Every structure is written in structure tokens, then in C-alpha cells.
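Written below as C-alpha cells is the structure these notes are about.
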There are 2 protein chains.
Amino acid sequence: MARRGSYAKGIAKREEILSRALEVIAREGYRGASVKELAEAVGLSQAGLLHYFDSKEELFTEILRKRDEVDVEMFGTAPDDAAIEPGELRAGYLRVIRHNAEVPGLVQLFARMNVDAVDDAHPGHDFFRTRGEGLRDAFSAELAAMQAAGELTDRVDADTLARIFQAVADGLQVQWMLDPAVDMAGIVAQLFDALRPASAPLPHATEG
Amino acid sequence: MARRGSYAKGIAKREEILSRALEVIAREGYRGASVKELAEAVGLSQAGLLHYFDSKEELFTEILRKRDEVDVEMFGTAPDDAAIEPGELRAGYLRVIRHNAEVPGLVQLFARMNVDAVDDAHPGHDFFRTRGEGLRDAFSAELAAMQAAGELTDRVDADTLARIFQAVADGLQVQWMLDPAVDMAGIVAQLFDALRPASAPLPHATEG
DNA sequence: GTCTATACTCGGATAGAC
DNA sequence: GTCTATCCGAGTATAGAC
């Protein structure tokens, strides 16, 4: 009942809801929140909120999609955006990770949904699948460029390295949620350094 | 009502239940199974099963604890067992990962619980925290030995490398659940190779 | 110790008034 | 488009018989 047949007004409101939900979750966290809780935080009744979305799962998936959208604007890096300047991959990636450490609620929502969406009946299944692929493809292209520039080991192909970086980021999020002292960005930075060819110069000092 | 005041008989039965649950989940998968479903698969009623455990969360946490127990016997590697022969870390680790790819249900259960247990009110919270620490400590010791033997880069300290390997393993599990074609063990093996010092010899061909 | 039966809670979905 | 009210299912937890 939500998407089909909505006019501009409805769509605008929908986007506004998503933006507000994003803020609320980022600020107040997410502990398996119910639709009702989120609705109230956003200034609507449960039924009012579900007027715009087909189900809870779709709602939360859309929130994450909106998050990506916002992140693209903020950081210029995203699942299907490979248009960042060469050499900026590392810095941009670390910026995103550092930003994530400021929005625990979103990290938690993402982690939960990511696992749930493994089931192919989950409304978010395609989103996560596509997002992961796009992210890796863009990343892989950048990593390949780094390899070509001699800044990154070529013992492993760029696609696999992209998988590894994605896995590290996701895995570190769980470690971080369990212990907020974990420095996700610092660890990823160290991994970049560790994967530099023996001869290559250090671009920045390792942040720790 | 489960643990305290149980006699040997009760404890034995409890263990038997856990073993059976483990088999069932490994074989038939886990899709957010309810206590009732698991109970029937195990040959008890829901109430009968919950006679041995305080809650659903405790039950599933104990299943994962039992899993670790079994894995220790099978692979001689575990959260708090650092007693594997030097140099065997890599091979043992890859064995475990390869084994995991044969028990999707357990991987799924683990991933779900791991995320849920991030909340410190979750009955499994301490288990996951302790398990993670123990795993990393044991791993870190082995990695340090590899560094000392010149088999692994020393650009990054062993503790951080341990975190990275843990994160990669966890993160790859999610990728694999989304796409079973992902070769978790092969990718981890390649990461080991990529982190070898420039001068070091290859111990095995990279599997992949 | 295990069952059947039930109570209770939570939360998502829906109907219908405004 | 948004609300109130309600329904309904799922699923855990518990009571009580055997």
C-alpha cells in the first residue's frame, strides 16, 4: 500500500520520514526497536507510519537505503559510485568507518538486518545482495588501481581484497559493538599498511 | 530452573539434548527457529525442552557453547586452547572454516546470536565477549610465533592481526550465507599469504 | 521428568472514523 | 493522510496432571 500509486506529496513525506528515522536511530540507538517505538519517535502513530511502508522489514530496509544515500552525499563513496579520485580510496573509506563509530544505532540496525536478510524471503535480501556487490565492485576497481600504482600487494587479486576489506569492516563492527574501545578505523588503516608491497613508501603515518 | 539443583542425570540429559540440537541445526539449518520447532526436532515438547533451560536465549547460547566444545575435540583449536603446535595455526584455522561451510545452520545461528548478544542484557552477552577474547588471545600468541619465525608481517602487532582475522572470518560468513559460492577458507588462506613478509617462502600453495 | 493445556505478552497488521 | 481501536498470530513461559 505504500509505494505504488503515491504522488509527489506522498513520496516527499516518505523521504522525510526516512530522514527523521535515520536521525533518531543514529542519536538514540536501536535495540530491536518496534515499529511503534520508531513511529512515536518520528511523530506518527504506528498505523500512520505503516501507511508508507508495506511491512516492518521494508521500512527498516528503506532506512538503510536512505542511509547510503546520505553517506554518498557526505563522503562521495557508495555501493555504486566509483567516481572518487584515485588514491582517495583509503582516506574516504576510513572517513566512513570513523563516521560509523559515531552512529552506533545505525551500525546495530545494519548488522541485525544484514544477518536477517540472508534469508531470501526477507524483503531486504536483494538490497543487501546488490549493495554488497556494488560496494565490492567499486572497491575492487580502486584497489586494482592501487595495485597498478604499486601501493598494494598484488599477491591477491583485487576482487578478493575487496571481499576481505568488506569482511573486516563488517566483522569489526560486531567487535566494536561488543567493546566500543575497539578502534575500527585504526585497525583497517593498519591492514592497508600491512598489505603494502615491501618496497612501497608509506603515504600517511598509521593511525592507531 | 535448569542448572541449579540438577543431579548428574539431569546434567547428562542436558548435554544429550545439546548434542542432538547441534546435529539437527547443522543438518537442517536454522531460520530463526522457535523453541517449539527445535524441541520437536529433538524429540521433546516445548515445555519439556525448556525444563532444562531458563529461556530461549540461554538455550541457544548453550548450543553454541557445546559447539565450541565439540570443535575443540575435532580440531584441537578453541577460544581458550592455545596448545596447538606452532605452525599449525594456519592449517587448523582453515580446517575449522572449511568445516563451517558444511554446517550452514550453525553459522547462521552463530551470526544471529552474535549480533543479538551485543546488548549487555542478553543472556549470551558474556559468553560471546569471553569467547571472542579467548579466541583472539590464543590466536594472537600463535601469530606472534609466526612473526618471530619470519612467516608473517610484523608491520602490525599480533593482537591487531588477531582482531583482523576474527573480523574477516565473521564477515566472510555473512557474505557466504548470502552467496554460498564464496570460498571462505580460500580467501582466508590468501590473506595469510598476502601478509607474509616479502622474503618468506610459501608453505603451501594458495588454495582458492 | 515430561507432557498437555493455557495464559500472557508483544508486536505487526488492518478496519474504519475523521 | 492520519488517527484510534482492534484483531490476530507467534511464541515464550508456566501450571498442573501424569
Side-chain angles (χ1 to χ4, degrees), chain A residues 1-21 24-25 28-63 108-109 112-113 116-117 119 121-124, chain B residues 1-21 24-25 28-63 108-109 112-113 116-117 119 121-124:
Chain A
M1 285 75 178
R3 317 238 331 244
R4 291 161 268 291
S6 358
Y7 342 161
K9 178 69 193 308
I11 290 174
K13 175 80 183 187
R14 201 181 130 107
E15 292 306 307
E16 191 202 317
I17 289 171
L18 292 175
S19 296
R20 224 166 337 164
V24 172
I25 294 173
E28 298 178 16
Y30 165 83
R31 357 199 133 279
S34 65
V35 173
K36 183 154 182 268
E37 287 173 291
L38 181 59
E40 278 157 12
V42 150
L44 278 129
S45 70
Q46 188 232 26
L49 177 53
L50 278 189
H51 175 70
Y52 293 93
F53 304 90
D54 291 333
S55 69
K56 176 194 181 172
E57 281 76 25
E58 197 223 333
L59 164 59
F60 282 111
T61 302
E62 291 305 308
I63 291 174
Q108 218 175 317
L109 174 60
R112 177 41 123 18
M113 292 285 291
D116 288 354
D119 182 348
H122 192 286
Chain B
M1 285 72 179
R3 322 250 312 256
R4 291 159 268 290
S6 357
Y7 338 162
K9 178 68 191 308
I11 291 173
K13 175 78 183 187
R14 200 181 130 107
E15 292 305 308
E16 192 202 317
I17 289 171
L18 292 176
S19 297
R20 225 167 334 164
V24 172
I25 294 173
E28 299 178 14
Y30 164 81
R31 359 199 132 277
S34 66
V35 174
K36 184 157 181 265
E37 285 173 292
L38 180 59
E40 278 157 13
V42 150
L44 277 127
S45 70
Q46 187 233 26
L49 177 53
L50 279 189
H51 176 70
Y52 293 94
F53 303 91
D54 291 333
S55 68
K56 176 193 181 171
E57 280 77 24
E58 197 223 333
L59 164 58
F60 282 112
T61 301
E62 290 306 307
I63 291 174
Q108 219 175 317
L109 174 60
R112 177 40 122 20
M113 292 284 292
D116 288 354
D119 181 350
H122 192 286

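Not measured: the values here are computed from a predicted model. Every chain is numbered from 1 and lettered A, B, ... according to where its sequence line falls, protein lines coming before strand lines.
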To the nearest angstrom, the NE2-P distance between His51(A) and dT4(D) comes to 15 Å

With the side chain defined as heavy atoms from C-beta on, Ala47(A) is closest, among dT4(D), dT2(D), dC3(C), to dT4(D)

Item checked: Carboxylate-amine/guanidinium proximity below 4.0 Å for Lys56(A) and Glu62(A) -> no

Open item on the list: Can you tell me whether the side chain of Gln46(A) and the base of dG12(C) have a donor-acceptor pair closer than 3.5 Å?
Closed with: yes

note: Leu50(B), atom CG; dT6(C), atom P; distance rounded to Å ~ 19 Å

Taken to the nearest whole Å, OH/Tyr52(A) to P/dG1(D) is 5 Å

Closest of dT2(C), dT12(D), dG12(C) to the Lys13(B) side chain is dT2(C)

Closest to the side chain of Leu44(B), out of dT2(D), dG12(C), dT2(C), is dT2(C)

Between CD of Glu37(A) and P of dG12(C) the distance, given in whole Å, is 9 Å

> So, the side chain of Glu37(B) versus the backbone of Ser34(B): is there a donor-acceptor pair under 3.5 Å, distance only?
Replying inline: yes

Taken to the nearest whole Å, NZ/Lys56(A) to C1'/dG9(D) is 15 Å

From CD of Glu16(A) across to P of dT2(D) the rounded distance in Å is 9 Å

Closest to the side chain of Val35(B), out of dA15(D), dT12(D), dA15(C), is dT12(D)

When rounded to whole Å, the CD to P distance for the pair Glu57(A) and dG11(C) reads 13 Å

Point to revise | Worked verdict on Arg112(B) versus Asp116(A) for side chain to side chain contact (heavy atoms under 4.5 Å, CB included) | key: CA-CA 8 Å; Arg112(B) 177 40 122 20; Asp116(A) 288 354; 3.2 Å; yes

In whole angstroms, the gap separating C1' of dT14(C) from NZ of Lys36(A) amounts to 16 Å

Checklist entry - Does Glu16(B) use its side chain to pair, donor to acceptor, with the backbone of Ala12(B) at less than 3.5 Å? => result no

How is Ser34(B) classified with respect to the nucleic acid when contacts are heavy atoms under 4.0 Å: base, sugar-phosphate, or nothing?
-> sugar-phosphate

Original post:
Would you call Arg20(B) and Glu28(B) a salt bridge, using N to O less than 4.0 angstrom?
Top reply: no

